[in-house]
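One structure is given here, and the rest of the page talks about it.
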Number of protein chains: 2
Amino acid sequence: MNNSVSIKDIAKKFKCAPSTISRALNDHPAINIETRKTIQEYALKVGYQKNTLSLSLLNNCSMTLGLILPSITHYHESSILEGMEEILLKSGYLLNICVSNESHTIEKEYIDRLLANRVDGLFISMAQESYDQQLGEHIDLVIQRSLPVIFIDRPNHGVASDRVVTDDYQGAFMATQHLIDMGCQRIAHLHGPSGISVSQQRFLGFQDCLLANGRQVEGDLIQYVHFSAESAIQATRNLMQSAHKPDAIFGVNDEVCIAAMFVLREMGVSVPHDVAIVGFDDIPLASFVHPPLSSVSRQSRRIGEEAAKLFLSKKDQKLDPMTISLDPKLIIRESSLRT
Amino acid sequence: MNNSVSIKDIAKKFKCAPSTISRALNDHPAINIETRKTIQEYALKVGYQKNTLSLSLLNNCSMTLGLILPSITHYHESSILEGMEEILLKSGYLLNICVSNESHTIEKEYIDRLLANRVDGLFISMAQESYDQQLGEHIDLVIQRSLPVIFIDRPNHGVASDRVVTDDYQGAFMATQHLIDMGCQRIAHLHGPSGISVSQQRFLGFQDCLLANGRQVEGDLIQYVHFSAESAIQATRNLMQSAHKPDAIFGVNDEVCIAAMFVLREMGVSVPHDVAIVGFDDIPLASFVHPPLSSVSRQSRRIGEEAAKLFLSKKDQKLDPMTISLDPKLIIRESSLRT
DNA sequence: GCCTCAATTGCAAACGTTTGCGTAAAATAT
DNA sequence: ATATTTTACGCAAACGTTTGCAATTGAGGC
């Protein structure tokens, strides 16, 4: 069944000790240069491949990391993964990917498996269930074992921890201010799932910007959605059917905004003339929908890169918990441009 | 640095042999029921976590699989991953994710690492570089070690192997036939990167459908693009600036079609009236662009599920190489509906 | 011929866990 | 009281690799 050849096998062929083979393959100078070459050539020929598992066991270091995400199908999440991969590739690590599907149970299960496999570190964006119910003990346990844990996007409650995030608050503030600058009077918000940090921060930035401009958040201009386009359909209809129609919408992400634009078009409402729109994430298609969607870019790929770099530096030296907050950029396109 | 407690540590506390602890934790009946409980409670208290690495070494089975993809940011790829995860979660496996970025060098490097970590199986969608240059030896080597390898989307050249794919040919045929049925006379194709199976199959389906309807592929109606929206901008302009303008476009994926619609709108060309459009993949946003995009759905998530299931069944019993081909579904929306 | 030194290679332990087999003690049967 | 079974646990090997230390060999100096 398994054809893999071990150092012991090679040792038998050469009638010598495994230690000699090991040294020869690692080019140890104590081994005769010709012996080395012969052994190396033979190893190549028979396709010897080092078994890292034994080393992991010996050195207590598996060169493997874990990444737990609530989902992976959104551009933001998969970009994080790609950024992370790019850095880790150079450093010799492998990445275990785990999709929690926002479930606390699954998240716990994955953490168990990752710990059992002795990953050297853990990147995690907490499941909504864990976050809502403040179920962080399973993660605290990990941290207590002095295993590096780096939070992505969604922080752990209370506990000081390493984090890489975009400043969602600032991004939302910028987006809202832009809509105000465009002369919008009644700015609605498609609010993400409650309990999730990202939703909360974006709402807060939205709210504080209104207050800073001497306005109030009006309850009937807030509609809750999930992160999917579908969920924004009814929400947008609700907004437009109320007595107090909005003349702008700030959405929790681009998908819900594109869905909103779809509904507005159906209703004969013009974007940006009647309703201006700004989204969040700046997905690649944002430039190509009609009208092109203004959006807050959160440098998704860089989040992954920075998280990976943070792990690498924490591995080398003991550092206090830190938060890396990336600046969002407002990309203005037609959907919010009023002349 | 490492706080993890081992069976040996527990054995010392209880002044007994490690084997006793092992058996107690595994609820072996040979161990006194009360001893068992005491040990189990203690293990729980000190947070004992089984070290799977030692077992992997012992049993030659790591309960870890590898997934190598050219990229992960497209909906199709991340959906495959999610489908795979769902099945593997139940079976106790972990998944190592590797993004080759279409590079042969990186792909080889990742395969090396995965082999060194003794993954129990490998899912791979070959990098374009490997595919173009017929560089498959690194993968053949893996198969020779009787390590299960399952190809996703892009098959290995020649060699009989396990595959899970969508029938791209059939999907393209259906899409083209639909455009013909809608009365389109000059159907253009935004052709994906050459050398990639997916591009080739879709072109072949397109071509054969034209032939089956007594038509020919016309060279100036074929434009090459990458899988990104950006790459379709110029390609679409080229199509529309030629003397022989198309009245329909079949695109290699939805992104290029949405970009094409963007260009057509700029040029004042009406979709579907002047140009009908059908894409491929049926990404979630396809329903929400204007006009809603007709597209061939390829059940991305199911590809991942079937691949995972195929691995599980191959693990249990020796099976001949097989190809699982999933039927594509044509989803007709406004972008191709001519009345 | 003896001592020293360098050049090579081997030995054994270690990482954490499981498991077949052996063994001691206790319980039961005769 | 002896023989037999049952109960409960320990021993040691195994997985593959590295590494400090010991050991062997040969050459060279005297």
Side-chain angles (χ1 to χ4, degrees), chain A residues 1-40 43 46-64 92 112-113 115-120 145, chain B residues 1-40 43 46-64 92 112-113 115-120 145:
Chain A
M1 174 71 186
N2 193 302
N3 298 342
S4 72
V5 44
S6 77
I7 274 193
K8 287 186 182 178
D9 297 331
I10 304 184
K12 278 175 194 162
K13 278 273 186 257
F14 283 87
K15 295 187 198 302
C16 69
S19 50
T20 305
I21 307 294
S22 170
R23 279 186 261 254
L25 294 178
N26 292 329
D27 252 335
H28 196 289
I31 304 294
N32 189 323
I33 180 74
E34 298 195 6
T35 318
R36 257 185 273 169
K37 280 191 181 174
T38 319
I39 294 179
Q40 285 170 10
V46 298
Y48 167 78
Q49 191 109 26
K50 178 183 303 203
N51 187 331
T52 310
L53 295 176
S54 65
L55 282 181
S56 306
L57 196 56
L58 197 58
N59 304 330
N60 215 20
C61 165
S62 65
M63 293 300 280
T64 296
D112 264 4
R113 283 189 206 171
L115 286 181
N117 273 51
R118 294 299 189 266
V119 290
D120 293 335
R145 293 186 193 217
Chain B
M1 175 72 185
N2 192 303
N3 297 341
S4 74
V5 44
S6 77
I7 275 194
K8 287 186 181 177
D9 298 330
I10 304 184
K12 279 175 194 163
K13 277 273 187 262
F14 283 86
K15 297 186 197 301
C16 69
S19 51
T20 305
I21 307 294
S22 170
R23 278 186 260 252
L25 294 178
N26 291 328
D27 253 334
H28 197 289
I31 304 296
N32 189 323
I33 180 75
E34 297 195 6
T35 318
R36 257 186 272 170
K37 279 190 181 174
T38 319
I39 293 179
Q40 285 170 9
V46 297
Y48 167 79
Q49 191 108 27
K50 176 184 305 203
N51 187 332
T52 310
L53 295 175
S54 65
L55 281 181
S56 306
L57 197 56
L58 196 59
N59 303 331
N60 215 19
C61 164
S62 65
M63 293 301 279
T64 296
D112 264 5
R113 282 189 206 170
L115 287 181
N117 272 53
R118 294 299 189 269
V119 290
D120 293 336
R145 293 184 194 220

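Residue numbers start from 1 in every chain, and the chains themselves are labelled A, B, ... in the order their sequence lines are given, proteins ahead of strands.
- In the helix from dG1(C)-dC30(D) to dT30(C)-dA1(D), the terminal helix axes, each the rotation mapping four pairs' C1' atoms onto the next four within five end pairs, subtend 70°, rounded to 10°.
- Looking at heavy-atom distances under 4.0 Å, Asn59(A) makes no contact with the nucleic acid at all.
- Among the heavy atoms of the strands, none lies under 4.0 Å from Ser56(B).
- The outermost nucleotides of DNA chain C lying under 4.0 Å from heavy atoms of chain B, listed 5' to 3', are dC15(C) to dG20(C).
- In this structure, Ser54(B) and Leu58(B) have side chains that are not in contact, with every pair of non-hydrogen atoms separated by 4.5 Å or more.
- No side-chain heavy atom of Thr20(B) sits under 4.5 Å from any side-chain heavy atom of Phe14(B).
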Would you tabulate the nitrogen or oxygen pairs shorter than 3.5 Å linking the protein to nucleotides 22-25 of chain D?
none

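- Side-chain contact between Arg113(A) and Met63(B) is absent, with no heavy-atom pair separated by less than 4.5 Å.
- For the salt bridge (Lys or Arg N to Asp or Glu O under 4.0 Å) condition, the pairs that include at least one residue of residues 24-33 of chain B, sequence neighbours left out, are Asp27(B)-Arg36(B).
- Here the straight-line distance linking atom NZ of Lys13(A) with atom CD1 of Ile10(A) works out to 10.5 Å at 0.5 Å rounding.
- Sequence order on DNA chain D of the closest nucleotides to Asn51(A) and Ala30(B) puts Ala30(B) first from the 5' end.
- When side chains are defined from C-beta on, Pro18(A) does not count as touching Ile21(A), because their heavy atoms never get closer than 4.5 Å.
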Worked verdict on Asp112(B) versus Gln49(A) for side chain to side chain contact (heavy atoms under 4.5 Å, CB included) = CA-CA 8 Å; Asp112(B) 264 5; Gln49(A) 191 109 26; 3.4 Å; yes
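- Nucleic acid contact for Thr52(B): none, since no nucleic acid atom lies under 4.0 Å from a heavy atom of the residue.
- Between the Arg145(A) side chain and the Gly47(B) main chain, a donor and an acceptor come within less than 3.5 Å of each other.
- The stretch residues 6-15 of chain A touches DNA chain C through Lys15(A), each having a heavy atom under 4.0 angstrom from the strand.
- When all heavy atoms of Val5(B) and Tyr48(B) are compared, the pair lying nearest together is O-CD1, 3.1 Å.
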Would you check, one step at a time, whether the test side chain to side chain contact (heavy atoms under 4.5 Å, CB included) holds for Asn117(B) with Thr64(A)?
-> CA-CA 9 Å; Asn117(B) 272 53; Thr64(A) 296; 3.4 Å; yes
Walk me through it: do Lys50(A) and Leu55(A) pass the test side chain to side chain contact (heavy atoms under 4.5 Å, CB included)?
-> CA-CA 9 Å; Lys50(A) 178 183 303 203; Leu55(A) 282 181; 3.7 Å; yes
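- Sorted by first then second residue, the salt bridge (Lys or Arg N to Asp or Glu O under 4.0 Å) pairs that include residues 14-24 of chain A, not counting sequence neighbours, number zero.
- Using a 4.5 Å heavy-atom threshold, the side chains of Ile7(B) and Leu25(B) count as touching.
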